[in-house]
Structure formats: C-alpha cells, structure tokens
Amino acid sequence: MLVQLPLDGGDDRRGRIVGGLSTVGYAVEPVYFSPVLVRALQREIKLRDRRNEFQEASIGRNALQQQNDWVRRDRTRWLDASSLAQCRLLEEFESLRLLINRELFLGLFDFESHFAVYDPGAFYKRHLDAFNGDNPRLVSVVVYLNSAWSPADGGCLRIWPERDARRAVLDVVPRAGTLVCFLSERIPHEVLAANRERFSIAGWFRRNTTTSLCLDPPR
Ligand code: OGA
Ligand code: MN
C-alpha cells in the first residue's frame, strides 16, 4: 500500500500546486513568495535592465534556435545564483522540485530559469514550452515582479486547458508575488501585450536526458 506522506509544515500553497499539476495540469498561487524576496528580485531585474544585461529572446533549442520577433518580443537573462535573492528563489524551487518528485514521481532532475522583461507592446504568442519529446522541460513556472498591476495594464498570461483547445480557461494577471506552474508539454499559453513594462522570471524543471553517448546540454 502506498502511504501518502503529509506535506511538510502543512504547507497549503505547495500542496495546491501539486494538486493542480496532477489534476488540470496547472496551478496559480497569488501569494506564493514573501514580499521581501519579491522586492529584492524586483530591484535586481530593474537594475540589470538599466545596465543593459538582457538579450533579445530566441525560440527553439541549439541548432534550431532562432530569433523570431513575430512569435515573441521579450528580453531575457539567465539566473546564475549571483545574488542572495536569486539564491533564496532557487532554494524555494529546489524544495518545490523535491515535493513534486515525492508526490507525483515526475523525476524532475534540474532547474533552469531566466529573468524576462517585456517592453510595452511586447508579447509571446500561444505556444507549448516543450513538445515531441525533443525538449527535457517537464514543468514550467513563472514568477511575476510587477507592483500595482491592474487588469487594464494588459500583459496577462492566457492559459488553455490542452493542446488543441479552442477556448482559454484562465487569464492570469501578472501581479508581484504570484506563481504559476504548468505541465510544459501539455498546457498551451500566451503572453498578451501589456501597455507597461512587464517583469517576470520564467523557469523549467527538466528531466535528465544525459546518456553515455551524449551529455545533455543545459540549454
Ligand atoms: C515563457 C512564457 C509566460 C509569462 O517564457 O515561455 O511563456 O507569463 N512566459 O511570462
Ligand atoms: Mn512559455
């Protein structure tokens, strides 16, 4: 008989994430991170943006990687654990990784993430974060870093229930501290254009695809 272990400290937020992933394939927690951590990450993304540390985002992996400003228009920079705030965030995702593995047996192996800035008018058309098994991303996460965001500012994350669905199920307002998680291969999503600068961190838990013949390249 399989004995379900209780979630540590009765952590409802993480329990709801696991519940959402295992039922509908996505979950949204409006207040997941502490305001102190969110403020530190906000300061960091704005500072790095002023210093021009971001690059135009591309789509696809390796040889297939290309810039395509018809599909997406954001600027990104990989997290590298070079600040205390990044380290705290990466710790949070490590404990979420362990919990998801313990509860859902997904075998999540590692995590990669980037800061993303969408200038006013920027968007990311409907897409899946992984498909055809060519990409080891299994679970996607997005953390929003925008203070005082109102629905009139646009920039929602639109979520569809499955690959061929015509009707979206949810528009997530990208408010500071909100965490969204979804299954990378199953849940189509889109970033609608905003009329303000939009700050976020997107990340992916990955399976290990290293074999004796090929070391899995990190990106
Ligand atoms: C992505 C993405 C969603 C968001 O970077 O792949 O879908 O709300 N981001 O920023
Ligand atoms: Mn995406």
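Ligands are counted one by one from 1 in listed order, and the atoms in each one are counted from 1 as well. Computed from a prediction, not measured in an experiment: that's the story for all the values here.
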Between the side chain of [X] and the main-chain N/O of [Y], is any donor-acceptor distance below 3.5 Å?
{"X": "Arg158", "Y": "Arg126", "value": "no"}
{"X": "Asn146", "Y": "Phe199", "value": "yes"}
{"X": "Arg13", "Y": "Tyr32", "value": "yes"}
{"X": "Asp74", "Y": "Val117", "value": "no"}
{"X": "Glu29", "Y": "Arg14", "value": "no"}
{"X": "Arg137", "Y": "Ser184", "value": "no"}

Distance to 0.1 Å, residue and atom name: give those for the protein heavy atom nearest to [atom].
{"atom": "atom 5 (O) of ligand 1", "value": "Ala202 CB, 3.8 Å"}
{"atom": "atom 3 (C) of ligand 1", "value": "Val191 CG2, 3.5 Å"}
{"atom": "atom 8 (O) of ligand 1", "value": "Tyr144 OH, 2.5 Å"}
{"atom": "atom 1 (C) of ligand 1", "value": "Tyr124 CE1, 3.7 Å"}
{"atom": "atom 10 (O) of ligand 1", "value": "Arg198 NH1, 3.0 Å"}

Self-check item: Element-labelled atoms of ligand 1 that are located less than 4.0 Å from some non-hydrogen atom of Ser200
Solution: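 Reading through ligand 1 atom by atom, the close ones are 10 (O).
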Practice problem: For Val142, take its heavy atoms, then give the atoms of ligand 1 lying under 4.0 Å from any of them. | Solution: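 Near Val142, the atoms of ligand 1 are 3 (C), 4 (C), 8 (O), 10 (O).
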Donor-acceptor pairs under 3.5 angstrom involving side-chain atoms of residues 173-182: please list them, not counting sequence neighbours.
residue: Arg175; atom: NE; partner: Trp149; partner atom: O; Å: 3.2
residue: Thr178; atom: OG1; partner: Pro30; partner atom: O; Å: 3.2
residue: Thr178; atom: OG1; partner: Arg175; partner atom: O; Å: 3.2

Practice problem: Using distance alone, with no hydrogens and no angle criterion, decide if Gln42 and Ser147 have a side-chain donor and acceptor under 3.5 Å apart. | Solution: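 Per modelled atom types, Gln42 and Ser147 side chains form a pair under 3.5 Å.
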Quiz item: Just going by heavy-atom distances, which of His189, Glu190, His114 is nearest to atom 2 (C) of ligand 1?
Solution: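 It is His189 that holds the nearest heavy atom.
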Self-check item: OG on Ser140 to CD on Glu185, rounded to 0.5 Å
Solution: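 Between atom CD of Glu185 and atom OG of Ser140 there are 9.5 Å.
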Practice problem: Could you please tell me which protein N, O or S atoms lie under 2.8 Å from the Mn ion (ligand 2)? | Solution: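 Only His127 NE2, Asp129 OD1, His189 NE2 fall inside 2.8 Å of the Mn ion (ligand 2).
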Practice problem: Output yes when the distance from some N or O of ligand 1 to some N or O of Arg72 is under 3.5 Å, and no in every other case. | Solution: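 No - when backbone and side-chain N and O of Arg72 are compared with those of ligand 1, no distance drops under 3.5 Å.
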Quiz item: N/O to N/O below 3.5 Å, does that happen between His127 and ligand 1?
Solution: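 So ligand 1 has an N or O lying under 3.5 Å from an N or O of His127.
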Quiz prompt | Side chains of Tyr144 and Leu157 in contact at under 4.5 Å (non-hydrogen atoms) | solution =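 Touching, per the 4.5 Å side-chain cut-off.
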Quiz item: Should the proximity of Asp129 to ligand 1, defined as any heavy atom under 4.0 Å, be assigned to the side chain, the backbone, both, or neither?
Solution: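 Near ligand 1, Asp129 shows its side chain, while the N, CA, C and O stay back.
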Quiz item: Cation over ring, Arg97 on Phe205, under 6.0 Å and within 45°?
Solution: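 No, cation not above the ring by the 6.0 Å, 45° rule.
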